[in-house]
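Only one structure is covered here, and it is reproduced in the block below.
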Amino acid sequence: MTFSHHCKRGVNLLEIEHRSKFVGMAMDMAMASMSHHHQLLTSHTTLSHLKQLHAQILRSNSNPESLLSKLVLSSSSSSSTLHYALSVFSQFPNTDTHFSNQLLRHLSRSPTPHNTLFLYHNLRTTNAFTLDSFSFPPLLKAVSKLSAFNHGLEIHGLASKLGFLSDPFIQTALIAMYASCRRIMDARLLFDKMSHRDAVAWNTIIDGYCQNGHYDDALRLFEDMKTSDMKPDSVILCTVLSACGHVGNLSYGRTIHEFVKDNGIALNSHLQSALINMYANCGAMELARELYDGLLSKHLIVSTAMISGYAKLGMVKDARFIFDQMIEKDLVCWSAMISGYAESEQPHEALKLFNEMLRHRIVPDQITMLSVISACSHVGTLVNAKWIHTYADENGFGRALSVNNALIDMYAKCGNLGKARKVFENMPRKNVISWSSMINAFAMHGDANSAIHLFHKMKEENTEPNGITFIGVLYACGHAGLVEEGQKLFSSMINEHGISPTREHYGCMVDLYCRANLLRKAIELIETMPFAPNVIIWGSLMSACQVHGEIELGEFAAKQLLELEPTHDGALVVLSNIYAKEKRWNDVGLIRKSMKHKGISKEKACSRIELNNKVHMFMMADRYHKQSNEIYEKLNEVVSQLKLVGYKPSTSGILIDLEEEDKKELVLWHSEKLALCYGLISRRKESCIHIVKNLRICEDCHSFMKLVSKVYQVEIVVRDRTRFHHLSGGICSCRDYW
DNA sequence: CTAGGGTTAG
């Protein structure tokens, strides 16, 4: 095909388009800026525009070759426009390899690298094209970005056939390709075979280890590099600093900082940022802040690292300060701030910020969705859960594996086990997290049999359980009192699955023995396990002692607990009860003192009830609710009804420094009782009452609710923190202590 | 060749 022929074809296309008035107008505008071809080409990428511009290029006197290359580049965003542009390109008489390589390079760096491979195949089918060694780095870069391993192998084979494998540029590109296709060993073999390794090769292999999560290997390799002749450049130092941040290796990170200072390495903006990111990721926020405040221009990425650094330490206010100061915000920093709130027990703020982000017309991606769903789990209301589920479905996240995993957990934590199960069952593909989430959902709700059943089904379907899976299933065994089953699972975890138990696993086992009144075994395990017992483990033992009347051991456990957490509610109650019984008034006085001290910082108890898609909040003895009078009337009625079947208010589990009579009054006004009475007034017939409490439910409220479920024949689901109690017919699904 | 956000347990 000749150039003039080509030109004619372009004009014909133009004429067809010209019939439309709209295109005509666009054409006039385009003609008016004829001298700005290049700009137009990068900003107009619809097919009709491309055709117009193509025609203009052919009519104009400017260099058609360079403009055509821009035509291809500007069209790389959609396959239809690219297809058109490539058809033009491939008919172009001059098949200059240098020119083609330039195009490959541009496409491989674009946000749509798959077009590199598209161009590659397109060019290979037009015989005129030949590849030279310069074609391979961009091709391999595109493969790396796409993790398209099969293409990578093909291109590796071709490079080999053409005798290019001794080219260090291609060797390095191959290392990067294997590393990003999760074949780090192959990458390493290639690296070891290189005869001359430059800084780029070293950086590529070190970065490859990082990409595959082997940060410690990356740091070892960096040491190897230093012992060889290679001097680290600033790019490598950036990579290594990032590795330090990922594994939280602050001391190594500081060593590198010193190395930079001692060797007079120029502290360019990249290196400065890498240092700040490293410190922020290691939680060394003072050091990070010092460097950050010294920055002249605060880059998006550094600010985001600061936000997530503060957020991880629970310093959300500082995180928000950085966030608010940012002039330019992108999706990633919004996500960081949202997840910061979600993980810092401020899920409402997270949702508020998400809505604000949407108002700024920023479109969330999958990662944002995971944080927002997690925030909804923490909020715990079904209204929010349904809202975000619908949002996810309507915005194309409904089929994403990780999103579904998060949804399972969310529905479970919002009290709707049925919906969690439905999400789980509808998943076309499941991974360990899906199974673990569902197992844990059952465990959370006290349905041990379903949890254990699912665990066996998971193994039948050849999904390998991990440490977290076992926490869920052991927890379930504890709640169901399945001692032997739990022991079997614990040893199979170690022996068959090769998972070494963590403190949390021991915690589950201690709890299992405690609940089964096997206190000797519990103590034996505490003494032999390779961890120092934590608050949860002492708490299990202490509660068990209380229930089973082991006063001395209980006192010991409570004291150990208070060593670790001097303001622990339960421990103070247990100790003060023991001392009061033994008339040790001095000790009782000491405890009262620490209780008073603690009263200042104590989180206020509140309960929520969700009814007919609305959430109502209650605090102890509050009168804020519109129907307050009705609620207290109902409470009086319920109390007298329950007293007929033997209810006696009990204050033994309550930690307020008051006279006994006042305590009796107050215990009746606990927020969960108010919420429950509101539920009894307002619920639709036959519907279940859902109550969420921010703190642990006291013994009295638990037995109160059990009796209500029997006398009023109503199903009640109560959540305290992340534990659910299903109450019906006077029975609770869990085997919790009070 | 370099830098930032995520889901299961506790």
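Naming: A, B, ... by sequence-line order, numbering from 1 per chain.
With A:Asn384 contributing its side chain and A:Val379 its backbone, the two residues share no donor-acceptor pair below 3.5 Å. Side-chain atoms of A:Asn416 do not come within 3.5 Å of backbone N or O of A:Ala412 as any donor-acceptor pair.
Nucleic acid contact class of A:Ser437 (heavy atoms, under 4.0 Å, all strands): sugar-phosphate only. When heavy atoms are screened at a 4.0 angstrom cut-off, A:Leu300 is found touching base atoms of the nucleic acid. Looking at heavy-atom distances under 4.0 Å, A:Asp233 makes no contact with the nucleic acid at all. Using a 4.0 Å heavy-atom criterion, one finds that A:Asn405 contacts the bases of the nucleic acid, with or without backbone contacts as well. Residue A:Asp330 is classed as a base contact, given a heavy-atom separation below 4.0 Å to a base. Contacts of A:Thr172 with the nucleic acid, taken as non-hydrogen atoms under 4.0 Å apart, are absent. Among the atoms of the strands shown, only primed sugar atoms or phosphate atoms (P, OP1, OP2) are found under 4.0 Å from some heavy atom of A:Glu343. Using a 4.0 Å heavy-atom cutoff across all strands shown, A:Ser371 reaches sugar-phosphate atoms only and no base atom. Contacts of A:Ser273 with the nucleic acid, taken as non-hydrogen atoms under 4.0 Å apart, include base atoms. If you check every strand for non-hydrogen atoms under 4.0 Å, A:Leu241 touches nothing. Residue A:Lys329 is out of contact with every strand shown, counting any heavy-atom pair closer than 4.0 Å. Contact annotation for A:Lys141: backbone-only contact, meaning every heavy-atom pair under 4.0 Å involves sugar-phosphate atoms and none involves a base.
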| request: Start with the C-alpha distance between A:Arg188 and A:Tyr178, add both sets of side-chain angles, then the distance that settles side-chain contact (heavy atoms from CB on, under 4.5 Å), and finish with yes or no. | output: CA-CA 9 Å; A:Arg188 181 59 184 268; A:Tyr178 280 103; over 6 Å; no

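The residue from A:Tyr506, A:Phe455, A:Trp435, A:Phe490 that alone fulfils the ring-ring contact (aromatic ring centres under 6.0 Å, His included) condition with A:Phe470 is A:Phe455.
With respect to A:Asp409 and A:Lys413, a salt bridge is recorded, a charged nitrogen being found less than 4.0 Å from a carboxylate O. The existence of a salt bridge linking A:Arg723 and A:Asp720 is excluded, since no basic side-chain nitrogen approaches an acidic carboxylate oxygen closer than 4.0 Å.
In the 5' to 3' direction, nucleotides of DNA chain B lying under 4.0 Å from heavy atoms of chain A begin and end at B:dC1 to B:dG10.
Within the structure, salt bridge (charged side-chain N to carboxylate O under 4.0 Å, His left out) contacts touching residues 307-322 of chain A (residues at least two apart or in different chains) are A:Arg320-A:Asp324.
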